[in-house]
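Report on the following structure.
Below, read A as the first sequence line, B as the second, and so on, with proteins coming before strands; counting in each chain starts at 1.
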Number of protein chains: 4
Amino acid sequence: MATIEPGTRVRERRMRREDMAMAGAGHRRGSDTKAQIRKVAIELFTEQGYEATSLREIAERLGITKAALYYHFSSKEDIVRSLFTEHLDALDALVAWAREQPPGPDLRTRAVDRMVDMVTGSGTSVMRFALANQRVVRDLHPGRENAFERLTELFEIVAGPDASVEEQLRLRAALLSVNTVLLAAQGLKVSDQRVAAVARDIAHQLVPPVTDDASAESGP
Amino acid sequence: MATIEPGTRVRERRMRREDMAMAGAGHRRGSDTKAQIRKVAIELFTEQGYEATSLREIAERLGITKAALYYHFSSKEDIVRSLFTEHLDALDALVAWAREQPPGPDLRTRAVDRMVDMVTGSGTSVMRFALANQRVVRDLHPGRENAFERLTELFEIVAGPDASVEEQLRLRAALLSVNTVLLAAQGLKVSDQRVAAVARDIAHQLVPPVTDDASAESGP
Amino acid sequence: MATIEPGTRVRERRMRREDMAMAGAGHRRGSDTKAQIRKVAIELFTEQGYEATSLREIAERLGITKAALYYHFSSKEDIVRSLFTEHLDALDALVAWAREQPPGPDLRTRAVDRMVDMVTGSGTSVMRFALANQRVVRDLHPGRENAFERLTELFEIVAGPDASVEEQLRLRAALLSVNTVLLAAQGLKVSDQRVAAVARDIAHQLVPPVTDDASAESGP
Amino acid sequence: MATIEPGTRVRERRMRREDMAMAGAGHRRGSDTKAQIRKVAIELFTEQGYEATSLREIAERLGITKAALYYHFSSKEDIVRSLFTEHLDALDALVAWAREQPPGPDLRTRAVDRMVDMVTGSGTSVMRFALANQRVVRDLHPGRENAFERLTELFEIVAGPDASVEEQLRLRAALLSVNTVLLAAQGLKVSDQRVAAVARDIAHQLVPPVTDDASAESGP
DNA sequence: CATGAATGAGTGTTCATTCAT
DNA sequence: TATGAATGAACACTCATTCAT
């Protein structure tokens, strides 16, 4: 041990909710703990990654015990799964929407728009989380339908059956570009709106023109 | 995580090198253990993430003991740091090259080309690894020069002093697009070369035209 | 150390509490585990020294797991710190008492008496522990108030402001002599009471007579 | 891991002797490594304790490898044993001397004198070391003759066959008092000589008067 | 004389998880 | 709804020790 560091490391067990709640009416013991857990969890998982985030951290941040987490969720994995299925609906809706659309030259553009909306929309986006935890997401429902499966489906619908590999690649890149821009914006002082705008522009720019049937897409 | 990873991890303790060694070479043929550690480490860190990868895994895969890792590296962190500084040189070279170039309308394009080359070349792994472990990379040298700092520098040099925020964003996105395409290609059956080609195309397409002051190149 | 300790340490893993428990009490009867840890810890630390005592030893002797120790204490250091602050009160009380006493020729004698009482009093004394682990104790609160600081304070109060260095030395030796006698008694078949008696005698004998200069309390 | 600390922990392997030696003629590679090891070892064992001191520390401080230590000593224990037997001779001499002395009333006093000389002389370190590592010393030669055995022998010879338990205790305390004073002197600004003088005084004061059978011994 | 490379047992510590209350 | 107390498995890391060169 050599030299012993003085204070630190006191584990600050107990820092109950009473401390911070109390004031403001006792009305909150009732219900939404589960929602709060989800909120904190997605934040931490996104910031630090799934494996690097411990249940203790989540519990402590909420002023509850680890055991309490187990009342609401049956495992750590269950938390992350819940986060996903919760937000997977958005993707599902997008897929459903795409399926209904008449296949036309502007479907791709409109799909991209919705994608941009989705990603830049709600606070801590699942997309960001998914990118930060690809492995977990992939392992989550092995063989079953997960976010990546959904995306693939979306890609296929929007690309259409006749799209060449290059076309597919470009389209996927277009749809994913929001995240690239998000990544690119790190360290730059830009408002979220401006980032979103640029993302949209770039995405539009990348959408490959539809190549109906004949000819090559780079035209004469 | 318990249920997540299905097979694997079966605890196959002991599977020593004697199996493959010619029984008689005292401890090891005196050479490249360190290099092998790095190789295995970058593989696992990329696949599973830094935190999700244990030193036991690395050691076992090499048929050595955990303690042996500590002969070559002073900590887990040291391994990851070593991986980085090893390949940081490529980025450094790129920055140096950019600095020497005469600022002209085609600098951006040529920078993008080199970037694509770098990422699709041997360095593939490091970039992929970096993206899969952003947090670790960021925390690695706090305040000091790391991969992200390097990239930022590159961005600034290539963008030039008068670039607007939008322009910067687009340029960054262009330079990073290789990775987007890499990501997009997952699950698609395409050769690496084709992916690289598309990446290059897309990157070129995204490079913002230089808007110094005069009309310049975007003209008709 | 390998060959040093002959028997002992036979690795007797698992020797659970079920043996002595009435099978059915969920985890523990809810009470004094923490106290028991402290008890065992001070014993082992005193016998073997802090560094030479492993948490496994402590846990095993109690029939609990190492992890259980961490439920009650946040680190090994925390255990030792707790032992100290727990018993530091005794020293504090002594200091407080000394401060209140009217400075007179018999203060020294009475202080010595209380000291002897304290050290020979409670079972495994902190004093013995402190002497066996001087370094740890010193490193424990670096710069802050620890046992040695307390003793110094006591020495100064009892010695008075005009004491010569020799006088101080003798007084300190008197106060510490209990421990010398404790040490000297090792290997000798004597009852604790007799040891205490001799210690008291010796201590009294060593107390330096007060040597003011002016009349003061040794007056005729 | 949470936050990664930057530099530190680089293990500073290699810091060879060439760096510091080189200058001063190459004459030192020859011999006295063993002596230096002992010197460093006794320092560190005394400061930090035997268990808390690692062979790596010793080796590093000397600019050699751990393996080199094993050339000179067959184990860590061997080092400590060597330290002891080296200085055990002094004690042996004392015992021998005591044995030769005619048992008389002043033997005790003279024995105490020699003891004080021994402890305050060059041997200081060993005694201090022994006190700081009582357990190790005790375990060192289990059943065989060690420092404590020697001391016990000395005690018995000097006390004589008819001494009561109290007498023995006092005598032992007298002989050990040097160490008490050494301990007491910590934190006090006194020269070693003065400490020695006080120690001698105290020791003399504690020597119990010989109570053979008849009469008082200090009588005229 | 000494090192480079390695090992096996052990350290303190943290984790996800369980369950009686 | 939650908690207090605990567990077993794993983790990163260090130690004393070995041995071919």
Residue set satisfying side-chain contact (heavy atoms from CB on, under 4.5 Å) with Ala68(A), at least two apart, ordered chain then number -> Ile64(A), Thr65(A)
Minimum-distance nucleotide (side-chain atoms of Arg56(B) versus dA10(F), dC13(F), dC15(E)) = dA10(F)
Round to the nearest Å and state the distance from Leu55(A) atom CG to dT17(E) atom C1'.
-> 9 Å
Mind calculating the distance between CD (Gln36(A)) and C1' (dT1(F)) to the nearest angstrom?
-> 14 Å
Protein-nucleotide distance (Ile58(A), atom CD1; dT17(E), atom P), rounded to Å | 11 Å
Does Val136(A) reach the side chain of Glu51(A), with side-chain heavy atoms less than 4.5 Å apart?
-> yes
Ser74(C) vs dT13(E): side-chain N/O to OP1/OP2 distance below 4.0 Å = no
Take atom CD1 of Ile79(C) and atom P of dG12(E), then tell me their distance rounded to the nearest Å.
-> 9 Å
Taking atom P of dA2(E) as reference, at what distance in whole Å does atom CG of Leu69(D) sit?
-> 10 Å
Salt-bridge test for Arg61(C) and Glu57(C): reply yes if a basic N is under 4.0 Å from a carboxylate O, no otherwise.
-> no
Do the side-chain N or O atoms of Tyr71(B) get closer than 4.0 angstrom to the phosphate oxygens (OP1, OP2) of dA5(E)?
-> yes
Using atom OH of Tyr70(B) as one end and atom P of dT11(E) as the other, report the distance to the nearest whole Å.
-> 17 Å
Exam field: side chain Lys76(C) to backbone Tyr50(C), donor-acceptor pair closer than 3.5 Å = yes
Tell me: CG of Asp78(A) to C1' of dT17(E), nearest whole Å?
-> 13 Å
Presence of His72(A) side-chain N/O under 4.0 Å of dA2(F) phosphate oxygens OP1/OP2 = yes
Does the side chain of Ser54(C) get closer than 4.0 angstrom to OP1 or OP2 of dT11(E) through an N or O atom?
-> yes
Within the structure, does a side-chain N or O atom of Thr33(D) lie under 4.0 Å from either OP1 or OP2 of dC1(E)?
-> no
Axis-to-axis angle across the helix from dA2(E)-dT21(F) to dT21(E)-dA2(F), five pairs each end, nearest 10 degrees, ~ 10°
Tyr71(A) six-ring face occupied by Lys34(A) cation (under 6.0 Å, within 45°) = no
Closest to the 5' end of DNA chain E, once Ala67(C) and Ser75(A) are matched to their nearest nucleotides, is Ala67(C)
Go through the steps to decide whether Ile79(B) and Leu55(B) satisfy the test side-chain contact (heavy atoms from CB on, under 4.5 Å), and finish with yes or no.
-> CA-CA 10 Å; Ile79(B) 298 182; Leu55(B) 294 188; 4.1 Å; yes
Whole Å only: how far is the CD1 atom of Ile64(D) from the P atom of dG4(E)?
-> 12 Å
Residue set satisfying side chain to side chain donor-acceptor pair (under 3.5 Å) with Thr53(B), at least two apart, ordered chain then number -> Gln48(B)
5'-most contact on DNA chain F (nearest-nucleotide basis), Lys66(B) vs Thr53(D), goes to Lys66(B)
